[in-house]
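To keep things clear, I will list the structure first and then write my remarks on it.
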Amino acid sequence: MRGEWRDGRRFSGLERRAPNGYCDGMTTPPLLSPPARHPALPTLRQSLVALLITLQLSWVLSALSSGPFLSVLLRIGFIGALLLLTYTASGALRWRPLPRLLAVVLVAPVATLAIFVLTEHIPARRELVLGYIMLAILSVVVGTLVTLAALRVERRAKERAARLREERERDTLERELTAARLRLLQAQIEPHFLFNTLANIAALVEAKSDNAGPVLRHLIAYLKAAMPRLNDADATLDTELQLVRAYLELMHMRMPDRLRFSVRVAPELNSLPFPAMALLTLVENAVRHGIDPSLEGGRIEVGGKADASGRVSLWVGDSGQGMSESAQPGTGLANVRTRLQAFYGPGARLDLHEETPHGVHVELTFTPRSAT
């Protein structure tokens with residue numbers, strides 16, 4: 001299959017989307033990282049470990065054989081270098097641990113024989129032959145032990161890298177899931193808010209109120225300002241409070257004798273990241289279910305503060321009709337609670353209780369992400 005990019009370029013169906021958002025293949029941007037070393041060459045750490053073992057083994061053999069240290073060092077160093085190259089080359093070929101170990105075991109006597117041929121005259125004395133046989137056995141034993149230790153360290157490093165990779169992938173999936181949940185819940189709230197606003201417009205028109213024209217113009221201006229913010233990922237409490245004030249002003253124009261309100265939130269909370277439309281949903285519920293059904297109307301109070309520990313409390317209270325005995329929490333409150341916990345973590349809460357003598361008080365409590 002073939003398709004088109006958004007800018008009109010063609011792409012092949014064999015290309016797949018990479019985790020970083022680019023497509024594998026020609027469209028993947030170059031990595032901004034230094035070029036990797038050749039896989040068949042030992043790392044600096046491996047070289048240092050091999051050098052340390054070579055020095056220690058040369059010192060021991062030189063003391064036991066009473067031979068020159070430099071001569072012994074050159075022989076042991078040659079064998080150690082071949083074994084190290086064998087280990088790294090077999091790793092570059094992605095051999096399994098057992099074949100890599102067998103490769104080192106087989107190269108050890110071959111390397112010993114090679115250094116014997118290069119440094120000794122043939123025919124050699126019997127004691128030299130026995131010495132090189134012992135050196136070959138020692139090379140096999142030491143090479144086996146060091147290879148087993150290196151394979152164990154390598155396996156642990158791979159397991160640790162795999163765990164880190166899984167944790168990163170899990171964190172990425174959790175963030176994507178949280179973002180998807182927020183988008184889904186917000187999509188449920190947005191039509192609810194829009195339909196309620198249109199219902200208010202219809203009520204004004206049907207009642208032929210003198211305020212119908214001004215309120216309609218204000219509502220249109222309000223919706224023009226509010227709609228771009230419905231999906232604002234960088235929304236703050238300040239932008240939310242602006243919408244709350246505008247909405248309450250419009251509702252006050254619709255029922256000036258039945259609605260009074262105040263918005264008093266600590267100024268230091270204005271820059272706080274906050275899920276868009278969450279507080280406005282609570283205010284809308286207070287108007288729709290508290291003030292509208294009450295003949296006397298009532299007052300809506302919006303407030304917020306932070307305590308000494310940094311935990312924030314936001315509340316919306318109304319002195320309207322209050323909750324009936326058969327009332328059940330609606331979708332709006334459930335969505336606000338879920339969005340708040342997805343945004344600030346499971347410690348975020350939404351509490352609802354009745355006011356005395358009548359009315360409802362809804363309070364949001366959470367710890368800002370910057371303070372966690």
Side-chain angles (χ1 to χ4, degrees), residues 24 30-31 33-169:
D24 292 341
L31 297 176
S33 58
R37 67 176 184 86
H38 195 281
L41 297 179
T43 63
L44 178 61
R45 180 180 178 181
Q46 292 172 335
S47 301
L48 292 177
V49 171
L51 178 60
L52 180 61
I53 296 175
T54 299
L55 291 173
Q56 293 178 338
L57 191 59
S58 299
W59 179 79
V60 172
L61 292 179
S62 176
L64 292 177
S65 63
S66 300
F69 173 77
L70 183 59
S71 177
V72 176
L73 177 62
L74 291 176
R75 289 168 171 79
I76 300 298
F78 177 80
I79 298 173
L82 287 182
L83 295 183
L84 179 58
L85 289 175
T86 301
Y87 176 83
T88 55
S90 60
L93 295 175
R94 300 184 181 275
W95 288 2
R96 295 184 177 275
L98 184 58
R100 295 180 69 183
L101 178 61
L102 291 177
V104 172
V105 170
L106 293 176
V107 168
V110 174
T112 306
L113 178 62
I115 194 65
F116 175 78
V117 172
L118 292 174
T119 58
E120 300 297 338
H121 298 288
I122 299 178
R125 298 192 304 274
R126 181 172 177 274
E127 58 270 17
L128 289 177
V129 174
L130 293 176
Y132 274 96
I133 292 176
M134 295 299 298
L135 182 58
I137 295 175
L138 183 62
S139 300
V140 171
V141 172
V142 174
T144 300
L145 295 176
V146 174
T147 301
L148 290 175
L151 289 173
R152 183 177 180 182
V153 172
E154 187 176 299
R155 184 180 69 253
R156 288 185 175 181
K158 289 181 178 179
E159 291 174 353
R160 184 168 58 253
R163 285 196 303 269
L164 292 175
R165 184 169 58 253
E166 291 175 359
E167 290 177 0
R168 287 195 298 268
E169 292 176 354

*Determine whether Q56 and V60 make a side-chain contact, defined as any pair of heavy atoms from C-beta on separated by less than 4.5 Å.*
no
*So do L57 and L138 actually touch side chain to side chain, heavy atoms under 4.5 Å?*
yes
*What closest approach, in Å, do A111 and F78 show between heavy atoms, and which atom pair accounts for it?*
O-CE2, 3.8 Å
*Heavy-atom pair of closest approach, residues A108 and T112*: O-OG1, 2.9 Å
*asked:* Would you compute the distance between atom CG of L135 and atom CD1 of I115 and round it to the nearest 0.5 angstrom?
replied: 9.0 Å
_Distance-minimising heavy-atom pair for A136 and P109_ = CB-CA, 4.3 Å
*Distance from L51 atom CG to L73 atom CG, nearest 0.5 Å?*
8.0 Å
*Kindly state each residue pair satisfying salt bridge (Lys or Arg N to Asp or Glu O under 4.0 Å) with at least one member in residues 96-111, sequence neighbours excluded.*
R100-E154
_Nearest heavy-atom neighbours spanning T54 and A50_ = OG1-O, 2.7 Å
*Measure the spacing between OG1 of T43 and CG of L48 and express it to the nearest 0.5 Å.*
8.5 Å
*Once you round to the nearest 0.5 Å, how far does CG of L106 lie from OG1 of T86?*
9.5 Å
_OG-CG distance between S139 and L113, expressed to the nearest 0.5 angstrom_ = 11.5 Å
_Using the rule side chain to side chain contact (heavy atoms under 4.5 Å, CB included), only one of L101, L82, L151, V107 pairs with Y87; which is it?_
L151
_Can you tell me how far apart CD1 (I79) and CG (L84) are? Round to the nearest 0.5 Å._
13.5 Å
